[in-house]
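Data block below; observations after.
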Amino acid sequence: QFDKIRVGYRGEYFNEKITNKGVPRAPYYESAFDDYYYTTRIDQSMYVDGQVAENKFINITAAYNYFKRRKNTFVKDLTTLEESLTENPSDQDTSVFQQWMSRGNFSQSKEGAVFNYEVGYDINIETARGRRIEDQQQMIGDYALFATAEITPFDKFTLRPGLRYSYNTGYRAPVTPSLNLRYRFKDFT
């Protein structure tokens with residue numbers, strides 16, 4: 001906490017090995033196929049939020065996620081307990097996924113004001129690598145800007161227009177407008 005601004009960090013790490021012991025193979029039951037799955041996951045995020053001036057606020061988040069799964073298949077000699085990788089390339093696989101994300105906004109919010117607003121951005125970038133991924137590697141990015149206002153021309157009535165523009169590297173994203181109206185009448189909204 002710094003005056004009216006909070007800064008935070010969160011991190012997680014996960015590492016796992018799963019062993020799938022195969023059934024002894026006929027006719028002599030002297031070997032088996034064993035699968036090993038190795039998974040690593042890292043999740044990290046950081047945020048900054050709070051009041052930067054009277055009735056003015058920021059909220060910024062940034063995150064990174066990493067996921068890696070490796071699969072290996074071994075043929076195991078059950079008489080000597082020696083292992084060797086199988087010769088079939090599809091028995092061995094490694095996939096890696098990463099995501100970078102950042103979202104932030106700046107807003108003015110004053111109780112009883114006729115006009116309040118919020119502007120911001122949103123960025124998502126994802127990558128994937130592995131033999132089962134087309135061309136061995138793919139990436140998609142989404143970059144957006146948005147703005148919304150809250151207009152209260154008179155008590156009990158609120159108008160909230162908004163607009164979001166985004167650019168996506170994988171497809172054509174439309175400009176997205178929005179309009180919300182709220183009217184309060186006694187116990188009903």
Side-chain angles (χ1 to χ4, degrees), residues 1-16 39-69 95-130 132-135 137-189:
Q1 183 90 25
F2 300 97
D3 195 25
K4 295 181 181 179
I5 302 288
R6 293 183 310 157
V7 177
Y9 168 81
R10 178 177 171 218
E12 295 181 11
Y13 175 79
F14 175 82
N15 192 17
E16 172 183 69
T39 302
T40 302
R41 189 170 50 232
I42 300 169
D43 296 314
Q44 299 183 68
S45 63
M46 190 170 184
Y47 70 89
V48 176
D49 72 1
Q51 188 172 351
V52 293
E54 186 176 349
N55 303 314
K56 300 205 175 10
F57 304 89
I58 63 164
N59 186 337
I60 299 171
T61 301
Y64 171 74
N65 304 98
Y66 174 88
F67 176 87
K68 179 179 180 181
R69 163 77 47 92
S95 298
V96 177
F97 300 91
Q98 296 180 79
Q99 178 186 28
W100 295 267
M101 183 279 293
S102 182
R103 181 175 300 131
N105 63 52
F106 175 81
S107 62
Q108 172 185 292
S109 180
K110 183 178 180 182
E111 188 70 34
V114 173
F115 182 79
N116 286 310
Y117 64 89
E118 177 181 21
V119 294
Y121 72 92
D122 194 0
I123 299 171
N124 282 293
I125 302 169
E126 297 179 59
T127 63
R129 289 190 331 253
R132 296 180 292 158
I133 306 297
E134 184 178 338
D135 296 330
Q137 182 168 326
Q138 291 290 313
M139 194 264 319
I140 190 166
D142 190 61
Y143 311 88
L145 298 172
F146 61 88
T148 185
E150 187 172 281
I151 304 162
T152 310
F154 55 88
D155 195 30
K156 299 182 183 180
F157 180 71
T158 303
L159 175 69
R160 181 174 264 201
L163 189 65
R164 179 181 176 90
Y165 169 78
S166 64
Y167 169 75
N168 189 290
T169 60
Y171 60 89
R172 189 173 165 179
V175 173
T176 310
S178 65
L179 179 63
N180 295 286
L181 304 170
R182 182 177 69 187
Y183 182 74
R184 293 184 213 180
F185 179 73
K186 296 185 181 179
D187 294 335
F188 298 97
T189 301

* Tell me, with the steps shown, if E126 and D142 meet side-chain contact (heavy atoms from CB on, under 4.5 Å). => CA-CA 9 Å; E126 297 179 59; D142 190 61; over 6 Å; no
Rounded to the nearest 0.5 Å, how far does [atom2] of [Y] lie from [atom1] of [X]?
X: W100; Y: N65; atom1: CH2; atom2: CG; answer: 10.0 Å
X: Y117; Y: N105; atom1: OH; atom2: CG; answer: 11.5 Å
X: T176; Y: Y165; atom1: OG1; atom2: OH; answer: 11.5 Å
X: L163; Y: S178; atom1: CG; atom2: OG; answer: 8.0 Å
X: R103; Y: I60; atom1: CZ; atom2: CD1; answer: 12.5 Å
X: F67; Y: T39; atom1: CZ; atom2: OG1; answer: 5.0 Å

Please name the pair of heavy atoms, one in [X] and one in [Y], separated by the smallest distance, quoted to 0.1 Å.
X: S166; Y: P174; answer: OG-O, 4.4 Å
X: I5; Y: Q51; answer: CD1-O, 3.6 Å
X: F57; Y: S109; answer: CE1-O, 3.9 Å
X: L159; Y: L181; answer: CD1-CD2, 2.9 Å
X: N116; Y: K110; answer: OD1-N, 2.8 Å

* To do: Let me know which of D122, N124, I125 forms a side chain to side chain contact (heavy atoms under 4.5 Å, CB included) with Y143.
  =>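 Of the listed options, the one satisfying the test is I125.
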When you compare the side chains of [X] and [Y], does any donor N or O come within less than 3.5 Å of an acceptor on the partner?
X: Y66; Y: Q44; value: no
X: Y121; Y: S102; value: yes
X: R184; Y: T189; value: no

Has [X] got a side-chain atom pairing as donor or acceptor with [Y]'s backbone, closer than 3.5 angstrom?
X: Q108; Y: F115; answer: yes
X: E111; Y: A113; answer: no
X: T169; Y: G141; answer: yes

Contact between [X] and [Y] at the side-chain level, heavy atoms closer than 4.5 Å - yes or no?
X: R164; Y: T148; result: no
X: Y64; Y: Q98; result: yes
X: Q137; Y: T127; result: no

Does atom [atom1] ([X]) have a neighbourhood of more than 12 heavy atoms from anything else shown, all under 6.0 Å?
X: K56; atom1: NZ; value: yes
X: E16; atom1: CD; value: yes
X: F2; atom1: CZ; value: no

* **Between F154 and F157, ring centroids under 6.0 Å** => yes
